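Single-structure report; data block below.
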Amino acid sequence: MAAEPLRDVAALLDIYRHGLVFHSLCAVSRLSIPDRIGEGRRDIAGLARETGTDEDALRRVLILLAGSGLCDVDAGRSTVALTDRGKVLCRRHPLPLWATFATFGIPDVGHALTGTLKDGAPATRHALGVDFWEHLAKHPDEQLVFGEAMAEQARLLTLPCVPLLDWPAESTVADVAGGIGVLLAEILQEAPNARGILVDQPEVLGRARSYLEEQGVGDRCTVQPGDLFAAPPRADVYVLSRVLHDWDDERVAEILRAVRGSAQDTAVLRVFEDVLPDDGVPSPLQGWADVAMLALYHRARERTLPEYRRLLERGGWRLERVVQGPPGMCVIESRPLATA
Ligand SMILES: C[S@@+](CC[C@H](N)C(=O)[O-])C[C@H]1O[C@@H](n2cnc3c(N)ncnc32)[C@H](O)[C@@H]1O
């Protein structure tokens, strides 16, 4: 066989291996195994006893992860230590990703993508039988891990945008579907005279109050259970962070109209999203986020700027400017369109 086909075969086998590494990371994160190795080298037999896992299976998975530089298994195959890269899966890491892996691993959604390809319905629905939000609402332990995953991603993607924007003093900032309040806490720390309103589903807000207190902004923040499709409390600045990409166009327009319904003409809306290039050239790096949306939520998608502009107009907003954040994040700033 010519050299080139062999190279192509090797590249595909490498992707297959990466897939197994991904599933192994989801599994060990869900079982909090990295946290138990994070303190130093551990005996694999003891680790298996502590985590209620099968020793042989655990050893083999750890050896796979060692091959990807995430841990080190000794030559006798009896102990394991995490590398610095593997420590990113520990809760105590400064920028942890354990919940991000644990969450995508919850329903093993990846396997249900075959169903998605056939009918466009999210893989979560195929795997779980219900919408992802409904599943989370019924499983408080998984809801907590999901909330933590959102917090991890917020630290990487949205918090670096906060100092790039002006947060008016004495203003009220409403973070709609703001999760446990990671972004809102950062905004209130940046704007020490501002007040915050955090809106999300009641089951998410349980963790929010303690988080805001820990961040020292609890006294300037109201936590308000609310529905994304109803008008939020009145504010000067509205934030929708990584919310619109969870919904189809109809629902996005509804969300934007609901916020517009609460806003005075002087208000500003800041939408934090990854914006796809609109030059028609496929962007493989952004493709993963788009397929993650396809897998998780009903008709959810990443969008281009013209698509956001049109949806904002349908929802009563005029796009004014875009502020580029770190790779994979922009802030789209809009003002209310005059009401007819
Ligand atoms: C992808 S997360 C983003 C969280 C946060 N804004 C961030 O950037 O990390 C979407 C949020 O929407 C909330 N959500 C989903 N459906 C909702 C609804 N019907 N009403 C209120 N919040 C909702 C979820 O609880 C979740 O916190």
Side-chain angles (χ1 to χ4, degrees), residues 95-97 99-100 103-104 106 109 122 124 130-140 142-162 165 173-188 196-209 211-212 215 221 223-233 235 237-248 250-259 262 269-274 289-290 292-303 325-326 328-332:
L95 288 172
L97 284 178
T100 296
T103 284
F104 206 76
I106 288 175
V109 288
T124 41
V130 291
D131 284 342
F132 194 39
W133 299 123
E134 207 178 320
H135 173 81
L136 290 179
K138 285 189 192 142
H139 297 84
E142 295 183 12
Q143 176 82 70
L144 270 180
V145 178
F146 176 80
E148 202 47 55
M150 292 306 103
E152 290 178 353
Q153 292 162 27
R155 286 184 197 108
L156 289 171
L157 293 169
T158 56
L159 299 203
C161 300
V162 171
L165 299 158
V173 181
D175 190 354
V176 181
I180 65 169
V182 175
L183 177 58
L184 187 58
E186 185 82 1
I187 293 169
L188 294 181
I197 307 169
L198 180 67
V199 183
D200 208 298
Q201 308 185 92
E203 56 272 17
V204 176
L205 293 178
R207 169 80 183 100
R209 177 47 66 199
Y211 182 81
L212 294 165
Q215 298 302 309
C221 201
V223 170
Q224 169 105 29
D227 184 14
L228 190 49
F229 300 96
V237 182
Y238 295 90
V239 169
L240 282 168
S241 160
R242 304 186 309 133
V243 171
L244 299 186
H245 71 169
D246 296 345
W247 302 95
D248 62 27
E250 286 308 313
R251 302 290 267 170
V252 167
E254 252 182 79
I255 294 167
L256 292 168
R257 271 195 296 272
V259 178
S262 132
L269 168 65
R270 288 177 172 159
V271 169
F272 290 63
E273 289 290 355
D274 192 4
D290 192 40
M293 290 306 111
L294 177 71
L296 287 171
Y297 314 110
H298 180 71
R299 303 278 175 207
R301 61 191 319 118
E302 302 292 348
R303 295 180 171 88
M329 188 49 56
C330 289
V331 184
I332 306 167

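These numbers were taken from a predicted model, which means no experiment stands behind them. Counting starts at 1 for both ligands and their atoms, following the listed order.
- A salt bridge links Arg251 with Glu254: at least one charged nitrogen is closer than 4.0 Å to a carboxylate oxygen.
- For Arg270, the CZ atom sits in a packed shell: over 12 heavy atoms of surrounding residues, nucleotides or ligands are nearer than 6.0 Å.
- Leu159 meets the side chain to side chain contact (heavy atoms under 4.5 Å, CB included) test with Arg155, Val182, Leu183, Glu186; sequence neighbours excluded.
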Under 3.5 Å: N or O atoms of ligand 1 paired with protein N or O:
from: ligand 1; atom 1: 6 (N); to: Ala177; atom 2: O; distance (Å): 2.8
from: ligand 1; atom 1: 6 (N); to: Ser241; atom 2: O; distance (Å): 2.8
from: ligand 1; atom 1: 8 (O); to: Ser241; atom 2: O; distance (Å): 3.1
from: ligand 1; atom 1: 8 (O); to: Ser241; atom 2: OG; distance (Å): 2.6
from: ligand 1; atom 1: 8 (O); to: Arg242; atom 2: NE; distance (Å): 3.3
from: ligand 1; atom 1: 9 (O); to: Arg242; atom 2: NH2; distance (Å): 2.9
from: ligand 1; atom 1: 19 (N); to: Asp227; atom 2: OD1; distance (Å): 2.9
from: ligand 1; atom 1: 20 (N); to: Asp227; atom 2: OD1; distance (Å): 3.4
from: ligand 1; atom 1: 20 (N); to: Leu228; atom 2: N; distance (Å): 2.9
from: ligand 1; atom 1: 25 (O); to: Asp200; atom 2: OD1; distance (Å): 2.7
from: ligand 1; atom 1: 25 (O); to: Gln201; atom 2: NE2; distance (Å): 3.0
from: ligand 1; atom 1: 27 (O); to: Asp200; atom 2: OD2; distance (Å): 2.7

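- With contacts defined as side-chain heavy-atom distances shorter than 4.5 Å, the pair Arg301/Asp290 qualifies.
- Panel note: side chain Gln224, backbone Pro233; no donor-acceptor pair is recorded below 3.5 Å.
- Across all non-hydrogen atoms, the minimal contact from Gly179 to Leu205 is O-CD2, 4.0 Å.
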